[in-house]
Student: 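After the structure tokens below, expect a handful of questions from me.
To find a chain, count down the sequence lines: A is the first, B the second, and so on, and within it residues start at 1.
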Amino acid sequence: MYIKDLGLYDGKEVTLKGWAANKRESKGLVFIIMRDGSGLCQAVVDAGKVAEELFEAARKVTLETSLIIKGIVVKDERQVGGYEVQVSAVEILQTAVDYPIAKKEHGVDFLMDHRHLWLRSQRQWAIMRIRNRIIYAIHQFFQEDGFVQMDAPIFTGNACEGTTNLFETEYYGEAAYLSQSGQLYGEAMAMAMGKIYTFGPTFRAEKSKTRRHLSEFWMIEPEMAFYDIFDNMDLIERFLRRVVSEVLQTCKTELEIIGRDTAILENIVKPFPRLTYDEAVSIIKGEKEVNGKNAITSLETELEVVKKRIDEIHTEIKEREEKIKTPGMKKGEIGFNQAKIDKLKQELDDMEEQARNIPQWLNSARTFEYGNDFGGSDETVLTRLFDVPIMVYNWPHAVKAFYLKRDPNDSRFARGVDTLAPEGYGEIVGGGERETDEQLLIEKINEHGLPMQAFEWYLDLRRYGAVPHAGFGLGLERLVTWICKLPHVRESIPFPRMYGRLLP
RNA sequence: UCCUCGAUAGCUCAGCUGGUUAGAGCACAUGACUGUUAAUCAUGGGGUCCCUGGUUCGAGCCCAGGUCGGGGAGCCA
């Protein structure tokens, strides 16, 4: 019996096993908000209807105490979930003393130290359920489309793209590294199976402290034989559309809990703009407009808006602080204003952060040099102009991975494609068509200073029945972060591993 | 590695130009209230002001170095 099914038992007696998410009390009545993993529900213990010792036990229930209750389901529109339970029996399993996560807001560091408990809170519950649904939708999409899941190894013996961002470990006395991509193995598997996808953990020892980076994250890497870059883009678009639509259809409650504005997600039915690197660069530099919007001037406007908001917040805080000091003010009203002030101060911190960052981004966009890869700020500048994901393809070959196919029409470019999420979330997918020409690959491997011997097996794929093929890599946590519009990737995975944090 | 912001009660924070006994709200405990929605009201306990050194008659506040954390750059999904 789970809380989510209470509606099926209207008027009947049920037994619920769970935890106390909250408790309120008045004379003769105890309200316990039960949480069982499937949902929330209010349980009412009435002194007049239960034995005295039962009522006393209910009164002593603390936050996150585990308990079993028995009672009658009553429809009540005012309650979370629309039902409440009139309790006839309570059994305490274990009384939780001083549960550290209070009902009020906490700081990031404190919450991260208590991640194992934080996961119980409603917002984290909703995010994890959306993450689960995204994973399920990914499998649904690929399986229904004839893909075979084939996973790449996690231990790798050679440092294919340099050792600086690889985690080194030891493998029976040999140096080994944790995988940072299953890409090359994916190509081999696609030659065996036609269409495959990998779904596994990936490790990057990048000392990055930003809202987009994790040291351990989950990546989905499909690889398809006989696909070119355009087939690849079609697939990316169809894939993202399917995942978003599944989430919209099946996670209404969860999206509501996290307060996600779904308007942008509903938009995902529209085609994704496909821009060449050249076009994208002119947009970033403000030489080309998108729907009448200029990247540079609209960011300047944004900066003005932010500055104005900072002023507004300052005056509002001052007003409310004055208000609190007026004599005779009720305690409730003071509390209300204090809460508002706390919220405003947090917003102020964010705004001031933005006011510091935007000028840097503007500078980066203005001075962008043709031929460079995009940085995080360039992606932000670009994607702010769109309300759907965009795909940027045909990159200068020098800035992209060695295995990307040289554009047959223009040898300056490689057939890579990056998919950038809207709302400033940046790159969620990176991929492209693979080089099939053995000689060009050998040149590239030498150019990058990579050990040829380690790539012999990879070159075999070009010697024995090479075919055009393409694929992409999708960072699960970045996708979850964007779909949920989270302020930081750390909330998109149960136990984030990031620079400076290995516990819990 | 670099830039930038920060560290005060269990939690979130205030603490003015350096001044005598460091504050609030929440949480917790006790009590009041028979329908609460972060319930409310009253009372109470609770402090290594991150560390080390310096300036000063006097440092939570100023200076130097360090530790830890937030955000950004680089790198990336």
Student: Paired stems touching RNA chain B, three or more consecutive Watson-Crick or G-U pairs with both distances under 3.5 Å?
Tutor: B:1-7 with B:67-73, B:10-13 with B:23-26, B:28-32 with B:40-44, B:50-54 with B:62-66
Student: Of the options G70(B), U36(B), C76(B), whose atoms approach the side-chain atoms of E206(A) most closely?
Tutor: C76(B)
Student: Can you check the distance between C13(B) and U8(B), where both ends of the measurement are the C1' atom (answer in whole Å)?
Tutor: 9 Å
Student: For atom CD of E256(A), decide whether the heavy atoms of other residues, nucleotides or ligands shown that lie under 6.0 angstrom number more than 12.
Tutor: no
Student: Heavy atoms from C-beta onward define the side chain here; which of C11(B), G35(B), G70(B) lies closest to that of H106(A)?
Tutor: C11(B)
Student: Heavy atoms from C-beta onward define the side chain here; which of U12(B), C76(B), A39(B) lies closest to that of E379(A)?
Tutor: C76(B)
Student: When the C1' atoms of U48(B) and A59(B) are considered, how many whole Å apart are they?
Tutor: 16 Å
Student: Mind checking the P distance from C63(B) to G6(B)? Whole angstroms is fine.
Tutor: 12 Å
Student: If you check the R212(A) side chain, which of C28(B), U34(B), A73(B) turns out closest?
Tutor: A73(B)
Student: Kindly state whether the pair F217(A) / A77(B) counts as stacked, where counting means centroids closer than 5.5 Å and planes tilted less than 30° apart.
Tutor: yes
Student: Of the residues in residues 484-504 of chain A, which ones touch RNA chain B at a heavy-atom distance under 4.0 Å?
Tutor: H488(A), R490(A), G500(A)
Student: P atom, A9(B) versus U4(B): distance in rounded Å?
Tutor: 27 Å
Student: From C-beta outward on R78(A), which listed nucleotide comes closest to its side chain: C33(B), C75(B), U37(B)?
Tutor: U37(B)
Student: Taking side chain as C-beta onward, heavy atoms only, is I134(A) less than 4.5 Å from I483(A)?
Tutor: yes
Student: Among G35(B), A38(B), U1(B), which nucleotide sits nearest the side chain of K207(A)?
Tutor: U1(B)
